[in-house]
Amino acid sequence: MDNIAGTKSSLKWAAQLSVVILVGLWLFPTVGLLVSSFRTADQIASSGWWKALFAQEKTETYRAADPSEQVQQGAVYVIEGQLFDAGSGAVISDFATSSREIGAYQAGEVAELKDGATVTVSEDGHYRMESPVPFEGRGQRLFVTAETPPEFTLDNYRKVLLSGDSTDSLAKAFFNTLTVTIPATVIPIVVAAFAAYALAWMDFPGRALLIAAVVGLLVVPLQLALIPLLKLHLAVGIGKGYLGVWLAHTGFGLPLAIYLLRNYMVGLPRDIIENARVDGATEFQIFTKIILPLSFPALASFAIFQFLWTWNDLLVALVFLIDATGETTVMTKQIVELLGTRGGNWEILATAAFVSIAVPLAVFFAMQKYLVRGLLAGSVK
Amino acid sequence: MHPAILGLLTIVIGVGACVGYFYFSNLFLDKVLFPPKGPNAGRNINRANMIRPWLFLLPALFALGLYLAYPVVETIRLSLTDRDQGGAFVGLANYSQMLGEPKFWEAMRNNMLWLIVVPALSTAFGLLVAQLTDRLAWGNFAKSLIFMPMAISFVGAAVIWKLVYDARPPGTEQIGVLNALYIWFGGTEPQQWLTLPFWNNFFLMIVLVWIQTGFAMVILSAALRGIPEETVEAAIVDGANPFQIFFQIKVPQIMGTIVVVWTTITIVVLKVFDIVFAMTNGQWETQVLANYMYDKLFRASDWGVGSAAAMVIMLLVTPILVWNVYNARKEMR
């Protein structure tokens with residue numbers, strides 16, 4: 001079809017270009033978060049993340065060492081030091097001693113201070129102040145314009161994952177999320193698989209009605225379930241906690257699970273199942289030995305859906321899991337809290353958000369094939 | 001006990017109990033209740049086969065009934081009672097109270113905006129990407145990148161987009177892309193995008209469009225592949241240009257799928273909660289129904305009005321529910 005009439009090459013190029021632009025637009029926000037998570041708070045606050053990838057010129061204020069550190073060399077008093085941290089790689093183009101005349105001296109030139117004192121700043125950030133009389137007061141302020149190479153740090157991740165700081169540390173919430181997710185993914189699969197088999201391959205009155213009911217329940221908003229079930233959980237003593245959230249996720253995930261698995265199982269070849277029946281296999285054996293292994297793609301599809309959904313969920317956790325002590329907080333909830341209390345601390349926010357989306361992204365890229373297959377089977381045709 | 005161990009135990013116990021239940025109930029049925037041997041073997045087999053489906057279905061039916069069907073009924077009941085009066089029946093008082101609140105109408109207006117804008121834009125972008133990448137060598141790669149936001153939580157997306165919308169005081173360097181572009185194109189003052197009444201709704205919607213486009217693209221892309229080649233070839237032979245082929249040959253053939261995508265996204269939109277909750281919490285006139293309901297339930301502790309709001313969401317979903325059930329039944333026949 002590539003060379004057929006009607007396909008113009010200019011149109012092809014336009015298509016390519018549009019796709020590049022669209023993909024760029026779609027990636028841009030996420031990349032911004034990723035890049036920001038590797039920058040220090042100062043860097044994030046002083047320039048857009050898109051500039052972090054290039055060397056940038058900026059003017060910053062430093063203070064030379066305190067006069068108490070001066071040394072006498074012959075007739076002159078000297079203060080020497082280094083403005084930058086080791087290995088920063090910044091290159092100074094000019095400097096000034098007053099905020100009103102930024103850029104007054106080129107790097108390496110000598111600037112006059114009062115009382116005959118002088119200061120010079122070299123390109124690498126080394127400075128030397130000399131004076132015939134002892135320095136007094138506070139350290140001299142230096143306004144330095146420097147070209148700083150891109151700089152990235154893992155400190156944010158260290159802080160968010162390892163620090164143990166109660167507001168910033170996500171480590172506990174990470175494990176809480178995992179604790180919610182895994183049983184909430186596995187249990188509905190088991191329950192749904194049996195039900196789906198019955199709905200697909202067993203004949204009984206009311207089957208069509210049940211399938212229709214499952215399709216209907218597929219779209220019931222879970223908002224309706226919040227209050228009645230919370231009341232129920234409190235009444236029967238489950239209260240707020242893991243058990244409650246596991247049960248809730250199981251209930252909410254079942255319609256999709258049954259629907260997906262049934263649709264898949266119905267498509268399995270009839271011969272295999274009938275042969276097994278003729279050979280005397282029980283229904284239970286047919287299910288575990290034939291249906292389950294053959295349904296692996298559908299099981300995987302649903303497992304990914306349910307995993308992504310429970311991992312990313314906020315509402316169900318807020319209602320059924322997180323109690324007043326906050327011991328069982330999950331990552332989504334903690335990030336919402338950070339948004340409130342640390343709205344300006346982008347380095348913490350970006351890193352926390354990236355930690356929480358890293359796992360789903362890994363699952364997504366590793367098992368995309370099954371996710372797509374599930375989506376195609378799951379949307380009601 | 002450490003929650004992780006508790007979690008592992010739960011998996012083992014939960015899965016074990018499920019499998020055990022299925023195994024032993026089947027065993028009981030086959031060996032004890034109706035063994036397929038002896039004088040009544042034939043009758044027993046038939047009876048066992050009548051009971052077995054219900055054994056397989058029981059746990060699922062129980063969970064579905066308790067966690068989805070019962071709440072619908074219970075929510076209707078709660079919406080007609082008042083918590084402060086000890087759950088006394090108050091008729092439609094909650095509904096009339098809700099209808100008298102400006103916040104409710106703000107949520108309704110915004111939800112209607114969401115309902116129009118998000119499915120339309122997501123489907124349009126999804127269709128566009130699906131068509132553009134259809135015969136592209138690196139199409140699958142491009143698609144998986146656009147699909148990626150599907151894996152990101154609404155909360156994560158909220159953080160990502162808050163950075164995009166960030167505003168710094170005038171005169172300082174802007175770290176939010178939108179304000180940086182705005183200044184670069186000659187804007188004078190950086191804008192607090194999320195606090196601009198009315199327009200901020202659209203800035204929230206963009207987040208959901210960004211997430212849902214991937215979904216629309218995947219489904220529509222498969223539908224485009226399913227179009228019979230002959231129809232396209234015939235159109236080319238007849239001298240149709242690429243735009244005519246797209247709009248007059250391809251789109252009509254996948255109309256059914258477009259409707260499915262549209263309705264599926266509509267349902268997501270009706271339930272949208274996390275994005276608003278995390279980004280504005282309904283302030284600055286961005287309230288939506290799901291967040292309004294959450295406010296009523298857990299901040300104002302007004303279960304009656306909260307349930308009434310939930311019923312409004314249910315009411316809005318119902319046409320789609322009926323349509324889906326109707327279609328599913330049609331397909332099974």
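Below, chains carry the letters A, B, ... as their sequence lines are ordered, and counting in each starts from 1.
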Under 3.5 Å donor-acceptor, A:Asn312 side chain and B:Ala151 backbone: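 Yes; at least one donor-acceptor contact below 3.5 Å.
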
Heavy-atom donor-acceptor pair, A:Thr332 side chain to B:Val155 backbone, under 3.5 Å: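 Side chain of A:Thr332 to backbone of B:Val155, a donor-acceptor pair under 3.5 Å: no, none is there.
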
Given heavy-atom pairs under 4.5 angstrom as the criterion, report whether the side chain, backbone, both or neither of [X] touches chain A.
X	answer
B:Leu136	side chain
B:Val164	side chain
B:Phe125	side chain
B:Ile267	side chain
B:Pro53	both
B:Phe147	both
B:Leu78	side chain
B:Met293	side chain
B:Leu66	both
B:Tyr70	side chain
B:Trp210	both
B:Tyr165	neither

Please report the closest heavy-atom contact between [X] and [Y], naming both atoms and the distance.
X	Y	value
B:Lys162	A:Leu339	CD-CD2, 3.6 Å
B:Pro71	A:Ala225	CB-CA, 3.5 Å
B:Ala290	A:Gln223	CB-NE2, 3.3 Å

Top contributor to chain A contacts, counting heavy-atom pairs under 4.5 Å, from B:Ala157, B:Ala60, B:Ala63, B:Pro59: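 Of B:Ala157, B:Ala60, B:Ala63, B:Pro59, B:Ala60 has the most heavy-atom pairs under 4.5 Å with chain A.
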
Parallel, tilted or perpendicular: rings of A:Phe194 and B:Phe22 (30°, 60°):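 Judged by the thresholds at 30° and 60°, the geometry between B:Phe22 and A:Phe194 is parallel.
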
Interatomic distance, A:Ile227 atom CD1 to B:Ser79 atom OG [nearest 0.5 angstrom]: 12.5 Å

Pairwise distance CZ(A:Phe354) to CD1(B:Ile160) - rounded to 0.5 angstrom: 7.5 Å

Salt bridge (Lys or Arg N to Asp or Glu O under 4.0 Å) pairs, two or more places apart, involving residues 50-74 of chain B: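 Matches after skipping sequence neighbours: B:Asp30-B:Arg52, B:Glu74-B:Arg77.
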
Heavy-atom proximity to chain B below 4.5 Å, by part of A:Ile304: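 Neither the backbone nor the side chain of A:Ile304 comes within 4.5 Å of chain B.
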
